[in-house]
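This is a predicted model, so every value here is computed, not measured.
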Amino acid sequence: MPFEGAYHLSTLTVNLAENSYDIVVECGALASLGQRCVSIGLKGIAAVISNSTVTPLYGHTVRESLLAAGFSVEMIEIPDGEEYKNSATLNQVYNDLLKAGVDRSSFIVALGGGVVGDLAGYAAATWMRGVPFVQVPTTLLAQVDSSVGGKTGIDHPNGKNLIGAFYQPRLVLIDVATLLTLDKRHFCAGLGEVIKYGVALDSSFFEYIDANIEAIMSMDLDTLIEVVLRCCQLKAQVVELDEKEAGLRTVLNYGHTLGHAFEAIGDYRGLVHGEAVAIGMILAAKVSVAKELCSPEDFAKISALIVRCGLSVKIPDFDRKLLLSTVAADKKSKSGSITFICNKGIGMYSMSHHTPDELLKLSGLEA
Ligand code: NAD
Ligand code: GLY
């Protein structure tokens, strides 16, 4: 069904049999967290995991809502930053859960961006062999991508997201108004993931983003609700068909293979994730042009939209050998061959297998 930006919906369901859950997208949704947790049968202590930036902004509202609904509340704060998405922080969280008496009759709330969501989700997946958890994402990237679909995890010194579990939340509660405090850089980075859905899966959504870019960039909340809803709907459709990434779910990695390599060779200190995805989408679109799956005109439209979203399309300087070895180490690489997602025009994808060498040539990174 073409996307016309007229949903008037606020709740979607991710249908995964006994692991099904709702995604609620509203302005002001934070205040309803407690009641919504009651209505899905959660009980006991609500352990709210957040970070040192988000807790002062939204911790109070979340805490009050949970208390008013009758829960005991334990606030657990972790430091802010990808560099803390690791086993040391996780151990600290386990200590705090133990001290607070959180057991399987309690639940965890992840309040924050993708870093908090991934780590808190993994804590929930592993604490006492699994306690229920609720995602309350507060960055655009987390609202349109990481809070939905059950990928949880932490980084290992040798690689990002190497330790993790598929573990679905019991509810995703998205308060789009929280984006008003997000800095411009992370907002634009989130738009990288938004464009991904349009280019790889839905041409009418791509057109919608293009036509509404001023409203999006000026943070018009009604438009942002439409955008977040559509991304979540597209992601839910993919996850429902391929929860554990046996095949189709790889499409969500459009722009990620080469983008992630650039993120990694910058030691995660240069590009943030969504910025790297934007570079990766440019390169994936170039591969698609080289394979005659995408016209130069569609390439130009994709590139122009990325720029209008405040993202750079300039390929950072790189060391060829390092880039090749980083691409080869990708989680989607098997025996030297990488599952790579191209765009067929705008709105459709195509999956193929390439060596890192081929990808560098096809993407124009080397002549
Ligand atoms: P992030 O969690 O680091 O958040 C970015 C910054 O924004 C942080 O400083 C954070 O404290 C701050 N912040 C969060 N919400 C805010 C708000 N409302 N107002 C002001 N500041 C706020 O980064 P991110 O881009 O949200 O997430 C990136 C992480 O997500 C990476 O670790 C990546 O691996 C992971 N990820 C996971 C999945 C998945 O499917 N699980 C998908 C994509 C990315
Ligand atoms: N962000 C990719 C996925 O959830 O599969």
Side-chain angles (χ1 to χ4, degrees), residues 1-15 21-33 36 113-114 117 135-149 169 171-184 186-240 251-252 254-255 274 277-278 281 301-302 304-311 343 346-349:
M1 186 181 62
F3 177 70
E4 286 158 1
Y7 274 114
H8 307 298
L9 282 180
S10 67
T11 303
L12 307 167
T13 301
V14 186
N15 293 298
Y21 53 95
D22 282 348
I23 306 171
V24 177
V25 186
E26 281 171 6
C27 279
L30 285 189
S32 69
L33 176 65
R36 289 185 190 278
Q135 286 274 18
V136 185
T138 61
T139 62
L140 183 59
L141 183 139
Q143 295 185 352
V144 300
D145 191 357
S146 64
S147 64
V148 175
L171 168 72
V172 181
L173 185 74
I174 302 180
D175 188 340
V176 176
T178 59
L179 299 179
L180 294 173
T181 54
L182 189 63
D183 63 60
K184 182 117 196 278
H186 283 101
F187 180 74
C188 293
L191 289 175
E193 296 283 5
V194 170
I195 296 170
K196 167 189 88 175
Y197 290 104
V199 177
L201 290 170
D202 184 350
S203 60
S204 57
F205 183 49
F206 183 94
E207 297 304 333
Y208 178 86
I209 307 165
D210 204 36
N212 290 280
I213 193 69
E214 279 82 21
I216 292 171
M217 296 306 279
S218 63
M219 312 280 294
D220 174 71
L221 291 177
D222 288 336
T223 311
L224 289 176
I225 287 178
E226 296 289 353
V227 166
V228 171
L229 271 169
R230 184 56 177 164
C231 293
C232 289
Q233 191 176 47
L234 288 164
K235 180 149 188 185
Q237 283 166 2
V238 171
V239 169
E240 283 169 5
V251 69
L252 299 175
Y254 176 72
V277 169
M281 286 194 291
K301 280 176 78 176
I302 295 166
L305 185 57
I306 292 174
V307 171
R308 291 173 77 204
C309 286
L311 290 159
N343 53 295
I346 293 175
M348 284 188 294
Y349 68 92

A.B. asks: For Tyr21 and Gly149, work out which heavy atoms get closest and say how close.
C.D. replies: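 Of all heavy-atom pairs spanning Tyr21 and Gly149, the closest is OH-N, 3.0 Å.
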
A.B. asks: With rounding to the nearest 0.5 angstrom, report the CD to CG distance, Glu26 to Leu229.
C.D. replies: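 So the CD of Glu26 and the CG of Leu229 are separated by 9.5 Å.
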
A.B. asks: Using a distance-only test with no angle check, is there a side-chain donor-acceptor pair under 3.5 angstrom linking Gln143 and Thr178?
C.D. replies: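 Yes - a donor-acceptor pair under 3.5 Å links their side chains.
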
A.B. asks: Quick check: do Tyr197 and Val238 have side-chain heavy atoms less than 4.5 Å from each other?
C.D. replies: no

A.B. asks: With rounding to the nearest 0.5 Å, note down the distance linking CG in Leu221 to CG in Asp175.
C.D. replies: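 Rounded to the nearest 0.5 Å, the CG-CG separation comes out at 9.0 Å.
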
A.B. asks: Under a 4.5 Å cut-off applied to non-hydrogen side-chain atoms, are Ser10 and Val25 in contact?
C.D. replies: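 Contact flag for Ser10/Val25 side chains = no.
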
A.B. asks: Between Phe205 and Val194, is any pair of side-chain heavy atoms under 4.5 Å apart?
C.D. replies: yes

A.B. asks: Is any side-chain heavy atom of Met219 closer than 4.5 Å to a side-chain heavy atom of Leu180?
C.D. replies: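 Yes - at least one pair of side-chain heavy atoms lies under 4.5 Å apart.
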
A.B. asks: Does this structure show an ion pair linking Asp145 with Lys196, if we count only N-O contacts that are shorter than 4.0 Å?
C.D. replies: yes

A.B. asks: Name the residue from Gln233, Glu240, Gln237 that meets the side-chain contact (heavy atoms from CB on, under 4.5 Å) definition with Val14.
C.D. replies: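 When side-chain contact (heavy atoms from CB on, under 4.5 Å) is applied between Val14 and each of Gln233, Glu240, Gln237, only Glu240 qualifies.
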
A.B. asks: Quick one: closest heavy-atom pair of Val251 and Ala200, and the distance?
C.D. replies: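 Between these two residues, the closest heavy atoms are CG2-CB, 4.2 Å.
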
A.B. asks: Run the side-chain contact (heavy atoms from CB on, under 4.5 Å) test on Leu305 and Ile209 for me, step by step, so that the C-alpha distance in whole Å, both residues' side-chain angles and the decisive distance to 0.1 Å come before the verdict.
C.D. replies: CA-CA 8 Å; Leu305 185 57; Ile209 307 165; 4.1 Å; yes

A.B. asks: Taking the basic N atoms (NZ, or NE/NH1/NH2) and the acidic carboxylate oxygens, is any pair closer than 4.0 Å for Lys235 and Glu193?
C.D. replies: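 Between Glu193 and Lys235 there is no salt bridge, as every charged N stays at least 4.0 Å from the carboxylate O atoms.
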
A.B. asks: If only atom types and distance count, is the side chain of Thr11 paired as donor or acceptor with the main-chain N or O of Val24 below 3.5 Å?
C.D. replies: no

A.B. asks: Would you say Leu182 and Thr138 make side-chain contact, with heavy atoms under 4.5 Å?
C.D. replies: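 Not in contact.
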
A.B. asks: Side-chain contact, heavy-atom cut-off 4.5 Å: Leu201 with Phe206?
C.D. replies: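 Side-chain contact under 4.5 Å: no.
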
A.B. asks: Measuring from Leu173:CG to Leu33:CG, what's the distance to the nearest 0.5 Å?
C.D. replies: 5.5 Å

A.B. asks: Distance only, no hydrogens: is a donor on one side chain within 3.5 Å (strictly under) of an acceptor on the other, for Asn343 and Tyr254?
C.D. replies: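 There is such a pair (donor and acceptor under 3.5 Å, judged by atom type) between the side chains of Asn343 and Tyr254.
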
A.B. asks: What salt bridge (Lys or Arg N to Asp or Glu O under 4.0 Å) pairs are there with at least one residue in residues 214-225, not counting sequence neighbours?
C.D. replies: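 Every salt bridge (Lys or Arg N to Asp or Glu O under 4.0 Å) pair that includes a residue of residues 214-225, provided the two are not neighbours, is Glu214-Arg308.
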
A.B. asks: Find the distance between CD1 (Ile225) and CD1 (Ile174) and round it off to the nearest 0.5 Å.
C.D. replies: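 Reported to 0.5 Å precision, the distance equals 10.5 Å.
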
A.B. asks: Any side-chain heavy-atom pair from Val172 and Asp22 closer than 4.5 angstrom?
C.D. replies: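 They are not in contact (no side-chain heavy atoms under 4.5 Å apart), so the answer is no.
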
A.B. asks: Please give me the minimum heavy-atom distance between Cys309 and Ile213, naming the atom from each residue.
C.D. replies: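 Closest heavy-atom pair between Cys309 and Ile213: SG-CD1, 3.4 Å.
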
A.B. asks: Do Asp183 side-chain atoms and His186 backbone N/O form a donor-acceptor pair below 3.5 Å?
C.D. replies: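 Checked: pair present.
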
A.B. asks: Under 3.5 Å, is there a donor-acceptor pair between the Asn15 and Thr13 side chains?
C.D. replies: no

A.B. asks: What is the minimum heavy-atom distance between Gly28 and Ala177, and which atoms define it?
C.D. replies: N-CB, 4.4 Å

A.B. asks: To check you understand the geometry: which heavy-atom pair defines the closest contact between Val148 and Cys232, and what is its length?
C.D. replies: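 Heavy-atom minimum between the residues: CG2-SG, 4.0 Å.
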
A.B. asks: Please report the interatomic distance CG(Leu224) to OG(Ser218), rounded to the nearest 0.5 Å.
C.D. replies: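 If we round to the nearest 0.5 Å, Leu224:CG and Ser218:OG are 8.5 Å apart.
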
A.B. asks: Please report the shortest heavy-atom distance between Gly114 and Ser146, naming the atom on each side.
C.D. replies: CA-OG, 3.5 Å

A.B. asks: So, taking the atom named OH in Tyr208 and the one named OG1 in Thr223, what distance separates them when rounded to the nearest 0.5 Å?
C.D. replies: 5.0 Å

